[in-house]
Asker: 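Take this structure first; my questions come after.
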There are 2 protein chains.
Amino acid sequence: MNDASIPEPVIRRLSLYLRHVEQLAGREIETVSSTQLGEALHVTAAQVRKDLAYFGHFGRPGVGYRVGALLAALRGVLGTDRTWNVVLVGVGNLGSALLRYKGFPRRGFRFVAAFDADPAKRGRRVGGVDVFAMDALPHVADERGAELGLIAVPAEAAQEVADRLCAVGLRGILNFAPATLTLPPNVPVDPVDLAAHLERIAFRAARAFDVDRSGPGC
Amino acid sequence: MNDASIPEPVIRRLSLYLRHVEQLAGREIETVSSTQLGEALHVTAAQVRKDLAYFGHFGRPGVGYRVGALLAALRGVLGTDRTWNVVLVGVGNLGSALLRYKGFPRRGFRFVAAFDADPAKRGRRVGGVDVFAMDALPHVADERGAELGLIAVPAEAAQEVADRLCAVGLRGILNFAPATLTLPPNVPVDPVDLAAHLERIAFRAARAFDVDRSGPGC
DNA sequence: AACTGTGAAGACTTTCACAGCA
DNA sequence: TGCTGTGAAAGTCTTCACAGTT
């Protein structure tokens, strides 16, 4: 009940709850009910309660959940009650944008270095982060305590980069390259295929249109 | 059997199959079995067959699937057998990178315009795409046949931007802002929360470490 | 011999509905 | 009264296993 067996879909929603509860805390709201949370996030109230019950009973019947306690608990479960050191490989379009993305530091992730195969990029700083040649990976990753890796290289290079990140002892990888990576099971990988997201929207848009031809819906 | 009721998880995998089958086609491979596809993508062979059976029987027992036919069928189902016109709102870090991202045009999505609240950005071109002021949205979206929208603005602005995109008749939205959008059900939204992806990796990395302390796994 | 397509079984997730607490 | 926590029911998705095709 308190072990590692929290279902994947629950974990996805925990991030959602965390994001919203952070906002509530910022607005100095002290208490929130499962119904309110559910409405804000388009999740049923029962689902919210089940999800939160996976890791303790800190809701108060008749009152709801204390925002402060919930915030701390969510961060604790997700592991973002501390800062994670992240490296990025591939300082191209997307890589550069990710290095500058403010959402990462805001949520507990700090870039400690970036790497690129192109020697011309070596020595630059992007978004306040030093860019190194790939050769420097073992040394720099170790020195700066890198824990997670972010891959933003072309698909052809992704597996090799992943292997090198893994060899250096990184504990998890976020993969933006449109390629399926194979890694040992103790190194979690999360694929983010941007084009696939658009494909999903295209699919649903085509269906919604077929079903409901009532014209522009707003 | 041939209607809109294809489960969400299946659709996600269709994109994965499409990506791989495109590569096979590029390598002039003519035939692929469910086992091969499954191994390449870390999906069971039975799952591959079930998924593909949702929309027709074009596998050949004893042989496998014809790559050409499969490619066409996957594109047909996902709706990417034609080009979709896309607009982007929010030409910041991330927005600029998305405008330049080559994976979109490669998979059937073309940016026809971009918009930004900052008047200073008006008139620029980013990644070959014209940037307009928000006021121009109704006119330009209509003129250029915009169908899908991509939101890359700060969380606070996301809902208003979404409403305006919807009002202009867009048929689907990909939302990179860390905010939950509320829109009519005939306008599909797909949220992409980059920080949430890292949170998921952090969660799993922490668990993998607890379970298996055998040191750097490669 | 190799492989697909598919009912049936099994596993997992969500929803329901209500006992119990503040 | 208002709300949580939770078993039990319902629903969804995945895997199994095999008949049938090339």
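We name chains A, B, ... by the order of the sequence lines, and we start the count at 1 in each one. Note that the structure is a prediction, hence the values are computed from the model and not measured.
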Asker: Let me know the distance between CZ of Arg49(A) and C1' of dT13(C), rounded to the nearest Å.
Answerer: 16 Å
Asker: With a 4.0 Å limit, can you tell me whether Ser34(B) has a side-chain N or O closer than that to the phosphate oxygens OP1/OP2 of dC3(C)?
Answerer: no
Asker: Atom pairs, N/O to N/O, protein against nucleotides 20-22 of chain C, distance under 3.5 Å?
Answerer:
| from | atom 1 | to | atom 2 | distance (Å) |
| --- | --- | --- | --- | --- |
| dA22(C) | O4' | Pro61(A) | O | 3.3 |

Asker: Do the side chain of Gln36(B) and the main chain of Ser33(B) share a donor and acceptor less than 3.5 angstrom apart?
Answerer: yes
Asker: Could you tabulate the donor-acceptor pairs under 3.5 Å formed by side-chain atoms of residues 10-19 of chain B, not counting sequence neighbours?
Answerer:
| from | atom 1 | to | atom 2 | distance (Å) |
| --- | --- | --- | --- | --- |
| Arg13(B) | NE | Asp51(B) | OD2 | 2.6 |
| Arg13(B) | NH2 | Asp51(B) | OD1 | 3.0 |
| Arg13(B) | NH2 | Asp51(B) | OD2 | 3.3 |
| Ser15(B) | OG | Glu199(A) | OE1 | 2.6 |
| Tyr17(B) | OH | Asp51(B) | OD2 | 2.6 |
| Arg19(B) | NE | Pro178(A) | O | 3.3 |
| Arg19(B) | NH1 | Asp193(A) | OD2 | 2.9 |
| Arg19(B) | NH2 | Ala179(A) | O | 3.4 |
| Arg19(B) | NH2 | Thr180(A) | OG1 | 3.1 |

Asker: More 5' along DNA chain C: Val10(A) or Thr35(B), using each one's nearest nucleotide?
Answerer: Thr35(B)
Asker: With a 3.5 Å cut-off and no angle check, do the side chains of Arg49(A) and Ser34(A) form a donor-acceptor pair?
Answerer: yes
Asker: Nearest 0.5 Å, please: how far is CZ in Phe176(B) from CG in Leu194(B)?
Answerer: 6.5 Å
Asker: Output side-chain donor-acceptor pairs under 3.5 Å for residues 68-76 of chain B, partner residues at least two apart or in another chain, one line each.
Answerer:
| from | atom 1 | to | atom 2 | distance (Å) |
| --- | --- | --- | --- | --- |
| Arg75(B) | NH2 | Glu22(B) | OE2 | 2.9 |

Asker: Between the protein and nucleotides 8-13 of chain D, which nitrogen or oxygen pairs come in under 3.5 angstrom?
Answerer:
| from | atom 1 | to | atom 2 | distance (Å) |
| --- | --- | --- | --- | --- |
| dA8(D) | N6 | Lys50(A) | NZ | 3.3 |

Asker: Quick one: list whatever passes salt bridge (charged side-chain N to carboxylate O under 4.0 Å, His left out) with Arg60(A), sequence neighbours left out.
Answerer: none
Asker: What is the separation between atom CG on Asp51(A) and atom C1' on dT6(D), rounded to the nearest whole Å?
Answerer: 13 Å
Asker: Does a side-chain N or O of Tyr65(B) approach OP1 or OP2 of dA2(C) to a distance below 4.0 Å, or not?
Answerer: no
Asker: Which whole-number value in Å describes the distance from Leu52(A) CG to dG5(D) P?
Answerer: 8 Å
Asker: Heavy atoms from C-beta onward define the side chain here; which of dT6(C), dC3(D), dT6(D) lies closest to that of His57(A)?
Answerer: dT6(D)
Asker: What is the separation between atom OH on Tyr17(A) and atom C1' on dT4(D), rounded to the nearest whole Å?
Answerer: 14 Å
Asker: If you look only at pairs with a residue in residues 88-101 of chain B, which of them pass as a salt bridge (Lys or Arg N to Asp or Glu O under 4.0 Å), with sequence neighbours excluded?
Answerer: none
Asker: Rounded to whole Å, please give me the gap between CZ in Phe55(B) and P in dT6(C).
Answerer: 13 Å
Asker: Within the side chain of His42(B), is there an N or O that forms a donor-acceptor pair under 3.5 Å with the backbone of Leu181(A)?
Answerer: yes
Asker: Ignoring hydrogens and geometry, is there a side-chain-to-backbone donor-acceptor pair from Trp84(B) to Gly79(B) under 3.5 Å?
Answerer: yes
Asker: Please give, in whole Å, the distance from dC3(C) P to Glu30(B) CD?
Answerer: 16 Å
